[in-house]
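Since the structure comes first, as structure tokens, the remarks are kept for the end.
Below, all heavy atoms of this structure are taken into account, side chains as well, without hydrogens, waters or symmetry copies. Quantities reported herein were computed from a predicted structural model and do not represent experimental measurements. Lettering of chains follows the sequences in order, A, B, ..., and the numbering in each one begins at 1.
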Amino acid sequence: MPTTEYTPPPNFIRTIVADDIKANKNGGKVLTRFPPEPNGYLHIGHAKSICLNFGIAAEFGGLCNFRFDDTNPGKEEIEYVESIMADVRWLGFDWGDRLFYASDYFERLYEFAVELIRSGRAYVCSLTADEIREYRGTLTQPGKDSPYRNRPVEENVDLFARMRAGEFADGTHVLRAKIDMASPNLNLRDPVIYRIRHVTHHRTGDDWCIYPMYDFAHGLSDSIEGITHSICTLEYEDHRPLYDWFLDVLDVPCHPQQIEFARLNLSHTVMSKRKLLQLVREGHVAGWDDPRMPTLAGIRRRGYTPESIRNFCEMIGVGKRDSVVDVGLLEYCIREDLNRHAPRVMAVLNPLKVVVDNYPEGQTEELDAINNPEDAGMGTRKVPFSREIYIEREDFMEDPPKKFYRLAPGREVRLRYAYFVKCVDVVKDEKGNVVELHCTYDPTTRGGGSPDGRSVKATLHWVSAPHAVRAEVRLYDHLFTKANPNDESGGLDFKACLNPRSLEVLGSCYVEPGLAGAGPGSRYQFERQGYFCVDPDSSDGKLVFNRTVTLRDTWAKIMKSGQAGK
RNA sequence: UGGGGCGUCGCCAAGCGGUAAGGCACGGGUCUUUGGAACCCGCACUCGGAGGUUCGAAUCCUCCCGCCCCAGCCA
């Protein structure tokens, strides 16, 4: 169930699929696929594709295959296939028994290649990589035929068999489709479809030393699986004629329709594997699952819920224009989810001690607190109160500006669920820093009510000093300050746009005692501080909270716009 | 400059010849045991530009402008 009343907008892919079903194309069936290459971690951009493929299938009573496009060993690792499966599962999708690998089809693909050769549509080319590039021509000039283009069929068959048998070194020969060296679409200028790679494949081991290229393997794999709609990103638009060419020319089970959509770009975020790898390698982040990373592993660790990601993918829509979605929308989605489902607790991140002078020394009492004011079903809990408490340092100002409603000398505020307190004294150190506050409380306001009807302008969160549990808190912010770090043309200049405050570790924070045994991954809303989750990886027994996202902060806005003056 | 795509509010995005949905953001308000949340109101006489067709165009035609992708034995 989506977490909002929001109705997803129609999109062109839904329309195409709906029309196909109406026309009874493919017998009215829908079979999509999510085909990652296991050469890295999945990121939020992949989530869009996953949600789209599994979503469209589910929506129209079809299914979605999960296939690893593992045709380039050397870049691919078993570690990645495992992380990818875990991420898709975490996102909430179930591929049932439809887990496939392009490498499962290597034999079949080889046969297709031989069929191509026998029909005179493919040839073994012995030009070097550099020569092939030269022969390909340029964007404006046509290419020229390879001298090997008209090799006799039998020679091609023989050579290709010997390529497979391992008789040749890497780079000495390739198999090319014989299409059109003058095509304005460079992808059609006799594309390479098989190359020699004496590399151990993570699944097929050393069974093969020739591997099919994407263009050849992908469409045929789709066809073998009976895919109806092959949804991919915009950069493959130029490849569609080639995708169709193989399926037209070969004797295949079916001819899926390739549909392209715009990949996700997020402001303040880099999404390319190359740049993400650079962030990891140069040590700007702790690893692929650093909570600041846009990887699903990082986002999960940061405390995002799969529901919020799915909802986000629904809200951003699907189109063909290059766009950059504001991270603010992602943050909206996680706030909305957590606001409903995460219990609220009080935690003081930057403590200032307050002594309640007229509260009996040594006395403690348990007060009732509500876990979620908007969901009575989430119940209540007890929080201890005593003579010494901590409040947020920023909740007190000795000389408050006009619109500051919180605590100040002589002013009375409410301690949430506890009492009204009035500040009667301010203690400072030699340097003039406020180190402690003295207040008096009104016993008749127990629980936070005011029997005499008097009101206060602010309610503060707090924790009892002797009872509070110490915790480490990591405040995460955007990794990048630049509006869109993807703007640069050459290499990304991290120095220019990395946010130096993307990670702030607080070591002396205090949380309610009830959080002492909070399990890894549990999520909370810290009153007025944001949404936090217990780091799933806090292994050394320390209580560590990751800030998932901040709350909307109106006061900060007022301060920023300078309206808080006296 | 060859080919393939795309241009609707600050950011996404519906619309497909009948007179500009929705969400985020933003502004204002009500309420509030946190200045959060919730709720209410406001927010494109205009659809990259210029012509044309039509009773009528964001939707059709023409030209122009801008942006993205393609010259891996990557996917």
Discussion item. Counting distance alone, no hydrogens or angles: does the base of A75(B) have a donor or acceptor under 3.5 Å from a partner atom on the side chain of Tyr236(A)?
Written reply: yes
Item to complete: Test for a donor-acceptor pair under 3.5 Å between the base of G4(B) and the side chain of Asn185(A), counting only N and O atoms.
Response: no
Discussion item. What's Glu374(A) touching, base or sugar-phosphate or nothing? Going by heavy atoms closer than 4.0 Å.
Written reply: base
Worksheet item: Are Asp477(A) and Arg547(A) close enough for a salt bridge, meaning some N to O gap below 4.0 Å?
Response: no
Discussion item. Does a side-chain N or O of Arg197(A) approach OP1 or OP2 of C74(B) to a distance below 4.0 Å, or not?
Written reply: yes
Worksheet item: Which nucleotide, in any strand shown, forms a Watson-Crick or G-U wobble pair with G66(B), with both distances under 3.5 Å?
Response: C6(B)
Worksheet item: Looking only at side-chain N and O atoms, does Ser323(A) come under 4.0 Å of OP1 or OP2 in C11(B)?
Response: no
Worksheet item: Mind checking whether Tyr110(A) and Tyr194(A) have parallel, tilted or perpendicular rings, split at 30° and 60°?
Response: perpendicular
Practice prompt. Report the glycosidic orientation of C45(B): syn if within 90° of 0, anti in every other case.
Written response: syn
Discussion item. Do Glu394(A) and Arg528(A) make a side-chain contact, defined as non-hydrogen atoms from C-beta onward lying under 4.5 Å apart?
Written reply: yes
Worksheet entry | Who pairs with U59(B) - Watson-Crick or G-U, where each distance is under 3.5 Å | none
Worksheet item: Of all the choices, C12(B), A75(B), G2(B), which nucleotide is nearest to the side chain of Pro184(A) once you look at every atom?
Response: G2(B)
Worksheet item: Within less than 4.0 Å of OP1 or OP2 of C24(B), is there a side-chain N or O belonging to Arg335(A)?
Response: no
Item to complete: For G52(B) and U59(B), measure between their P atoms and round to the nearest Å.
Response: 14 Å
Worksheet item: Closer than 4.0 Å, any side-chain N/O of Tyr332(A) to the OP1 or OP2 of C24(B)?
Response: yes
Worksheet, complete the sentence: The answer to which of Gly317(A) and Asn39(A) contacts RNA chain B further toward the 5' end, by nearest nucleotide, is Gly317(A)
Worksheet item: Do the side-chain N or O atoms of Arg136(A) get closer than 4.0 angstrom to the phosphate oxygens (OP1, OP2) of G2(B)?
Response: no
Worksheet item: Nearest-Å distance, CG (Asp238(A)) to P (A75(B))?
Response: 17 Å
Discussion item. When you measure from the side-chain N and O atoms of Lys320(A) to the phosphate of G7(B), is any distance below 4.0 Å, counting only OP1 and OP2?
Written reply: no
Discussion item. Between Arg552(A) and G35(B), is there a contact of a side-chain N or O with OP1 or OP2 at under 4.0 Å?
Written reply: no
Worksheet entry | Contact under 4.0 Å: Arg189(A) side-chain N or O vs C70(B) OP1/OP2 | no
Worksheet item: Does the cation-pi check pass for Arg406(A) over Phe396(A), that is, NZ or CZ under 6.0 Å from the six-membered ring centre and within 45° of its axis?
Response: no
Practice prompt. Take Gly319(A) and Pro212(A), find for each the nucleotide of RNA chain B with the closest heavy atom, and name the residue whose nucleotide sits nearer the 5' end.
Written response: Gly319(A)
Practice prompt. Could you label the plane-to-plane angle of the His173(A) and Phe168(A) rings as parallel, tilted or perpendicular, counting under 30° as parallel and over 60° as perpendicular?
Written response: perpendicular
Worksheet item: When rounded to the nearest Å, what value does the distance between P atoms of G66(B) and G29(B) take?
Response: 45 Å
Worksheet entry | Distance test, side-chain N/O of Arg321(A) to OP1/OP2 of G66(B), below 4.0 Å | no
